[in-house]
Peer 1: 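A single structure is presented below for examination.
Order of the sequence lines sets the chain letters (A, B, ...), proteins ahead of strands, with each chain counted from 1. All values derive from a computational prediction rather than experimental measurement.
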Number of protein chains: 2
Amino acid sequence: MATIKDVCKLAGVSKATVSRVLNNTGQVKKATTEAVYQAMEALDYKPNSLARALATNTTNTLGLVVSAFEGAHFSSLMRRASETAAAAGRQLLIMNGGHSRETEQQAIDSLVERKVDGIILYTRKMPEDALKQLLRNLPIPLIVINQQVEGFEERCISFNQYQAAQQATEFLLSKGHKDIACITGPDSSANSGLRLQGFKDTLAAHRLQSCGIYRGDYFSQSGYRACNDLLASKLSFSAIFTANDNMAMGAIRALHEAGLRVPHDISVFGFDNDPAGEFTIPSLTTVMVPIEEMARSAIEQALRLIDGQEISTIALFSGNLIIRESVDHL
Amino acid sequence: MATIKDVCKLAGVSKATVSRVLNNTGQVKKATTEAVYQAMEALDYKPNSLARALATNTTNTLGLVVSAFEGAHFSSLMRRASETAAAAGRQLLIMNGGHSRETEQQAIDSLVERKVDGIILYTRKMPEDALKQLLRNLPIPLIVINQQVEGFEERCISFNQYQAAQQATEFLLSKGHKDIACITGPDSSANSGLRLQGFKDTLAAHRLQSCGIYRGDYFSQSGYRACNDLLASKLSFSAIFTANDNMAMGAIRALHEAGLRVPHDISVFGFDNDPAGEFTIPSLTTVMVPIEEMARSAIEQALRLIDGQEISTIALFSGNLIIRESVDHL
DNA sequence: TTGTATGCGTTATCAG
DNA sequence: CTGATAACGCATACAA
């Protein structure tokens, strides 16, 4: 690989000058500029971004830590985040935060070592205190998606899970359902907890109670199993509230195999608005989580922080009910 | 951030010594070693990986270029690739290759600039000549997933799309279908072309011909539209061969809306074995593409190349029919 | 066993 | 407008 030195020789100028035309900083005579460009061309010169980063202490890169690669939710997050970063001339380094607090921490450490300019953490495992620590001590800006941290509101991007669950539950109630079972997410998931709480509280406000709460892990398979458990329990229910669309699909399949029709016999409410839900049979009634806007927001907020701009807190994002076929009136 | 200098001062030793304990290279007295460790601890010292990379000319990082973030196929690819890399003590830098040859090239250039030790390219757009160029001229090892390049077989990991399509088509024929429509992928996709060819050739071998070929873009929506176009054409068909599961789901939905039942009236064959296909109604008959093994293979092959080991060519991966509900006999 | 000196490829601060 | 030259943080050959 050709280095700046090679360009110097070929163009007959100093490193300083090459650097100047490279970053067009300072004044350079047109003729020399062109000579330099020609030399670069001839040598197929590509600046070494490591050396540059070492010198400038900035990598033009943002780090994104996700807690999974699976599912439309994360796909959208990653895509939009990478697009937004690219549009701002930055690159995005995506790391898997894995299944535990430790692996999330490792991902962050590794990003810090790599000197990314800022980090966006979609957290599922990190407790609030730990996040506070990080927000305080990390040498670079950190934006947290998916959890509110007291005192750092302007660095948190999150979705009003609780309210969305309320809306969903109210919708189910408005359709006459009173015996509603629930398939919730892993108990380590803050989202899942809030969705469940919103569900329970709404029922309680109507002096009702869930007729059975089963736990899944956000994969279809777990929704399928949970629903089979529910069926085996012989509880009577007319609707299921699920913590995501994948599990809803699994549940619908289980109901189907049990000879129950959705929504004729049982209604199923999803969560996340997975694009697939538009095409399943029945199509999924669910709540849209504006994950793409959240991704964009997170990146933009991180960039502001990096540029030392003023930042103001970003309102909680809220959901929309997507009413399709899987829920019907009782 | 503390640097090696700070550690030197606190521990009362030279940079060389700190460096030695850091990489445990060379002999260091136990006492000094511990002093250094303590100093590092006290300062929360994290080595600057950029500086290290600049000095050693190796980043312990592999680059992966994918052509999309959406869909189970790529999720599995990314996850397994990152796991395999992690298991080998390397990190994985994932970049979006986007929708064109240019963006794929940019992603590669950017990875090269970042001095990753090797690149895995899942290509959808790069023509064979361009790949040859890259394989010849890139300063670091390149592994290509998804396309065979003549003369570089040992650096290509690919799936026998053609054969899998043949198997699928034979299966359809064995069920008595003779009027088979097709929803294929974008014409820029090599995979898609091979699948289509396998389909056509198999029909031809039976002196048959597809009764209509429609084009989609791998998203469900496009399968839905294509199927509606197919229906509008009033062609008579008893089965549809689709180039991926998402489009199959879209097509099934379109058929459903048209009052046609799958598989009773029309059979639909998918491709890729998306995990969702196990739970859709009807569940999807499809072909399993061992994308995870391919990902692992690609990473391992790249590592061998980087370590200067001998490499041998890896056989084409082949698929398995996953027979579920969406195809029935005529 | 430890320290010194040099280089990795840039940027940036000076003079000129 | 241009050229030396000192950082940037670390690894490493060579001395001691």
Peer 1: Roughly how far, to the nearest 0.5 Å, is the CG atom of B:L62 from the CD1 atom of B:I94?
Peer 2: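 Separation between the atoms: 11.0 Å.
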
Peer 1: From the 5' end of DNA chain D to its 3' end, which nucleotides mark the outer limits of contact with chain A, defined by a 4.0 Å heavy-atom distance cut-off (strictly under)?
Peer 2: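 Both ends considered, the range comes out as D:dC1 to D:dG9.
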
Peer 1: Look up atom OG in B:S189 and atom CG in B:D217, then write down how far apart they are to the nearest 0.5 Å.
Peer 2: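 Interatomic distance, B:S189 OG to B:D217 CG, rounded to 0.5 Å: 11.0 Å.
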
Peer 1: Using the rule given for side-chain contact (heavy atoms from CB on, under 4.5 Å), can you reason through B:I311 versus B:Q301, listing the C-alpha separation, both sets of side-chain angles and the distance that settles it, and then say yes or no?
Peer 2: CA-CA 7 Å; B:I311 60 172; B:Q301 192 79 329; 3.8 Å; yes

Peer 1: Can we say A:E83 and A:R296 salt-bridge, meaning some charged N sits less than 4.0 Å from an Asp/Glu carboxylate O?
Peer 2: no

Peer 1: Please write out the pairs of protein N or O atoms and N or O atoms of nucleotides 8-10 of chain C separated by less than 3.5 Å, giving the distance to one decimal.
Peer 2:
| from | atom 1 | to | atom 2 | distance (Å) |
| --- | --- | --- | --- | --- |
| C:dG9 | N2 | A:A51 | O | 3.4 |
| C:dT10 | OP1 | A:Y45 | OH | 2.9 |
| C:dT10 | OP1 | A:N48 | N | 2.9 |
| C:dT10 | OP2 | A:I4 | N | 2.6 |
| C:dT10 | O5' | A:Y45 | OH | 3.2 |
| C:dT10 | O4 | A:K15 | NZ | 3.0 |

Peer 1: Among A:E153, A:Q148, A:Q147, find the one that has a side chain to side chain donor-acceptor pair (under 3.5 Å) with A:S158.
Peer 2: A:Q148

Peer 1: What residues form a side-chain contact (heavy atoms from CB on, under 4.5 Å) with B:L121, not counting sequence neighbours?
Peer 2: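 For B:L121 the side-chain contact (heavy atoms from CB on, under 4.5 Å) partners, ignoring immediate neighbours, are B:V65, B:E104, B:I108, B:T123, B:L131, B:L142.
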
Peer 1: Under 3.5 Å, is there a donor-acceptor pair linking the side chains of B:S49 and A:K115?
Peer 2: no

Peer 1: Do B:S188 and B:K125 have a side chain donor and acceptor closer than 3.5 Å?
Peer 2: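 B:K125 and B:S188 do have a side-chain donor-acceptor pair below 3.5 Å.
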
Peer 1: Find which nucleotide of DNA chain C each of A:V18 and B:V13 is nearest to by heavy atoms, and output the residue with the more 5' nucleotide.
Peer 2: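 Nearest-nucleotide comparison on DNA chain C picks B:V13.
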
Peer 1: Among side-chain atoms of B:D109 and B:Q105, is any donor-acceptor pair under 3.5 angstrom?
Peer 2: yes

Peer 1: Just to verify, which of B:N60, B:T59, B:N23, B:T58 counts as forming a side chain to side chain contact (heavy atoms under 4.5 Å, CB included) with B:R52?
Peer 2: B:N23

Peer 1: Based on the rotation axes of five pairs at each end, what angle does the helix from C:dT1-D:dA16 to C:dG16-D:dC1 bend through, to 10°?
Peer 2: 40°

Peer 1: Using the test salt bridge (Lys or Arg N to Asp or Glu O under 4.0 Å), find all partners of B:E293 that sit at least two apart in sequence or belong to another chain.
Peer 2: none

Peer 1: Taking NZ, NE, NH1 and NH2 as the nitrogens, is one of them in B:E34 or B:K30 under 4.0 Å from a carboxylate oxygen of the other?
Peer 2: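 Judged by the 4.0 Å cut-off on N to carboxylate O distance, B:E34 and B:K30 do not form a salt bridge.
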
Peer 1: List in numerical order all residues of residues 32-43 of chain B for which some heavy atom is under 4.0 Å away from an atom belonging to DNA chain C.
Peer 2: B:T32

Peer 1: Whole Å only: how far is the CZ atom of B:R20 from the P atom of C:dT4?
Peer 2: 11 Å

Peer 1: I'd like to know if B:D307 and B:R90 make a salt bridge, using a cut-off of under 4.0 Å between side-chain N and carboxylate O.
Peer 2: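 B:R90 and B:D307: salt-bridged.
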
